[in-house]
Enquirer: 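Before we start, here is the structure in question, set down as structure tokens.
Side-chain atoms are counted along with the backbone in the values below, which use heavy atoms only and exclude waters and symmetry mates. For clarity, every value in this text was computed on a predicted model and none was experimentally measured.
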Amino acid sequence: MEKLKITKGTGKLEGIRSLNSSPLQNEFCMKMAKGNSVCSKCYSIDSLKTYRKNCDKAWGHNGDVLTKEEYSEEELPFLNDAIFRIHSHGEVIDMTHLRNILGIIRRNPQTTFSFFTKRKDLVAKLEEGEIPDNAVMVYSNPSLDFIMTEPPKGFHKTFNVVTSSDIAKINCGARS
């Protein structure tokens, strides 16, 4: 397996590494960006077209490698992280991509993974027990200003995007 390109977190993700894929090279992302969803305001697409142009090749490489074939856990990378994020940029491309990411998570039981995805269609196809215990599955709700409190099957949490400035309407513990 070719080596994956791991991203060092910056800003609010300072110190948290992540595995990303390119939304510009993902059919699902490009379709969602043309609709009415939160994806129509995608920060990742905007950044790859402007100040992060150099990341597109690396993140596209990750997508190519992880959709090529299903790898054995031994072929997947060992990570030395306490916390690791799957997709601070990009999205799951297909079932092969999803199974390889889950393989990376299984290969690294010492790491807690936050795994953000809108692909509830693919997660729903997983068998019982395929999601490792060290994965926190976060459904990234594509609906802007529609707060989901119950995550879909296979997910632990839901991430909602709201535009309200009324803090009482925002369902988050941080209150910031």
Enquirer: Might you work through the side-chain contact (heavy atoms from CB on, under 4.5 Å) test for His89 and Arg52, ending with a clear yes or no?
Expert: CA-CA 11 Å; His89 293 269; Arg52 282 212 165 129; 3.1 Å; yes
Enquirer: Hey, quick one: are Leu102 and Leu4 part of the same hydrophobic cluster, counting side-chain heavy atoms closer than 4.5 Å, chains of contacts allowed?
Expert: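 Yes, one cluster joins them.
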Enquirer: Tell me, do Asn160 and Phe146 make a side-chain contact under 4.5 Å, heavy atoms counted?
Expert: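 They are not in side-chain contact.
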Enquirer: With no hydrogens and no angle check, just 3.5 Å: does a side-chain donor-acceptor pair link Glu150 and Thr158?
Expert: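 No donor-acceptor contact under 3.5 Å links the two side chains.
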Enquirer: Out of curiosity, Ile83 CD1 to Thr111 OG1, how far, rounded to the nearest 0.5 Å?
Expert: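 So the gap between those two atoms works out to 9.5 Å.
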Enquirer: Quick one: does Arg119's side chain get under 4.5 Å of Leu98's, heavy atoms only?
Expert: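 Arg119 does not reach Leu98 side chain to side chain.
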Enquirer: Answer yes or no: is there a donor N or O on one side and an acceptor on the other, between the side chain of Asn62 and the main chain of Ser21, under 3.5 Å?
Expert: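 No.
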Enquirer: Closest approach of Ala124 and Lys153, non-hydrogen atoms and distance?
Expert: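 Distance-wise, the nearest heavy atoms are O-NZ, 4.3 Å.
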Enquirer: Can you name the nearest heavy-atom pair linking Asn141 to Met148, along with the distance?
Expert: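 Closest approach of Asn141 to Met148, heavy atoms only: ND2-CG, 3.4 Å.
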Enquirer: Can a donor-acceptor pair be found, under 3.5 Å and without considering hydrogens, that links the side chain of His156 to the backbone of Pro151?
Expert: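 Answer holds: no.
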Enquirer: Is there a side-chain contact between Ile45 and Met30 (heavy atoms, below 4.5 Å)?
Expert: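 Yes, their side chains come closer than 4.5 Å.
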Enquirer: For the atom pair OG (Ser114) and CD1 (Ile16), what is the distance rounded to the nearest 0.5 Å?
Expert: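 It is 7.0 Å, given to the nearest 0.5 Å.
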Enquirer: The test is side-chain contact (heavy atoms from CB on, under 4.5 Å); show your working for Arg99 and Glu130 and say whether it passes.
Expert: CA-CA 9 Å; Arg99 287 211 163 91; Glu130 272 192 88; 3.0 Å; yes
Enquirer: For Gly90, does its backbone N or O pair with a side-chain atom of Asn26 as donor and acceptor, under 3.5 Å?
Expert: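 Absent.
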Enquirer: Measure the spacing between CE of Met1 and CD of Glu74 and express it to the nearest 0.5 Å.
Expert: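 Reported value, rounded in 0.5 Å steps: 12.5 Å.
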Enquirer: Decide yes or no for Ile101 and His87: does some side-chain heavy atom of the first lie under 4.5 Å from some side-chain heavy atom of the second?
Expert: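 Ile101 reaches His87 side chain to side chain.
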Enquirer: More than 12 foreign heavy atoms under 6.0 Å from CD of Glu27: is that the case here?
Expert: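 No.
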Enquirer: Between Pro77 and Arg107, is any pair of side-chain heavy atoms under 4.5 Å apart?
Expert: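 Heavy-atom side-chain distance check fails, nothing below 4.5 Å.
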Enquirer: Does Asn36 reach the side chain of Ser40, with side-chain heavy atoms less than 4.5 Å apart?
Expert: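 No, too far: nothing below the 4.5 Å cut-off.
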Enquirer: Side-chain heavy atoms under 4.5 angstrom apart, residues restricted to Ile, Leu, Val, Met, Phe, Trp, Tyr: same cluster for Val92 and Phe113?
Expert: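 Looking at the clustering, Phe113 is in the same group as Val92.
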Enquirer: Do any N or O atoms from the side chain of Ser22 and from the backbone of Leu24 form a donor-acceptor pair under 3.5 angstrom?
Expert: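 Yes: the side chain of Ser22 pairs with the backbone of Leu24.
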Enquirer: With the 4.5 Å side-chain cut-off for hydrophobic clustering, are Ile131 and Leu79 part of the same group?
Expert: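 Yes, Ile131 connects to Leu79 through the hydrophobic network.
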Enquirer: For the atom pair CD1 (Ile104) and CD (Glu73), what is the distance rounded to the nearest 0.5 Å?
Expert: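 Output value for this atom pair is 10.5 Å.
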Enquirer: Do Asp94 side-chain atoms and Thr67 backbone N/O form a donor-acceptor pair below 3.5 Å?
Expert: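 No, the answer is negative, given that no donor and acceptor are paired below the 3.5 Å cut-off.
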Enquirer: Side chain of Arg85, backbone of Phe116: donor and acceptor closer than 3.5 Å?
Expert: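 Not at all, since once roles are kept as given, no pair shorter than 3.5 Å links the two residues.
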Enquirer: What I'd like to find out is whether the side chain of Asn100 reaches to under 4.5 Å of the side chain of Glu70, using heavy atoms alone.
Expert: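 They are in side-chain contact.
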Enquirer: In terms of hydrophobic clustering (I, L, V, M, F, W, Y; side-chain heavy atoms under 4.5 Å; direct or indirect links), are Phe84 and Ile105 co-clustered?
Expert: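 The answer is yes; both residues are in one hydrophobic cluster.
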Enquirer: Step through the shown structure and confirm whether more than 12 heavy atoms of other residues, nucleotides or ligands are within 6.0 Å of CG on Asn80.
Expert: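 Atom CG in Asn80 is not crowded, with 12 or fewer foreign heavy atoms closer than 6.0 Å.
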Enquirer: Between atom NZ of Lys118 and atom SG of Cys39, what is the distance when rounded to the nearest 0.5 Å?
Expert: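 Reported to 0.5 Å precision, the distance equals 4.0 Å.
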Enquirer: Could you see if Ile93 belongs to whatever hydrophobic cluster contains Leu122? Use Ile, Leu, Val, Met, Phe, Trp, Tyr and a side-chain cutoff under 4.5 Å.
Expert: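 Different clusters: Ile93 never reaches Leu122 through Ile, Leu, Val, Met, Phe, Trp or Tyr contacts under 4.5 Å.
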Enquirer: Do Val123 and Tyr139 pass the side-chain contact (heavy atoms from CB on, under 4.5 Å) test, and can you show the C-alpha distance, the side-chain angles, and the key distance before you say yes or no?
Expert: CA-CA 10 Å; Val123 172; Tyr139 178 62; over 6 Å; no
Enquirer: As an exercise, state the distance from CD of Glu2 to OH of Tyr71, rounded to the nearest 0.5 Å.
Expert: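 Taking CD in Glu2 and OH in Tyr71, the distance rounds to 7.0 Å.
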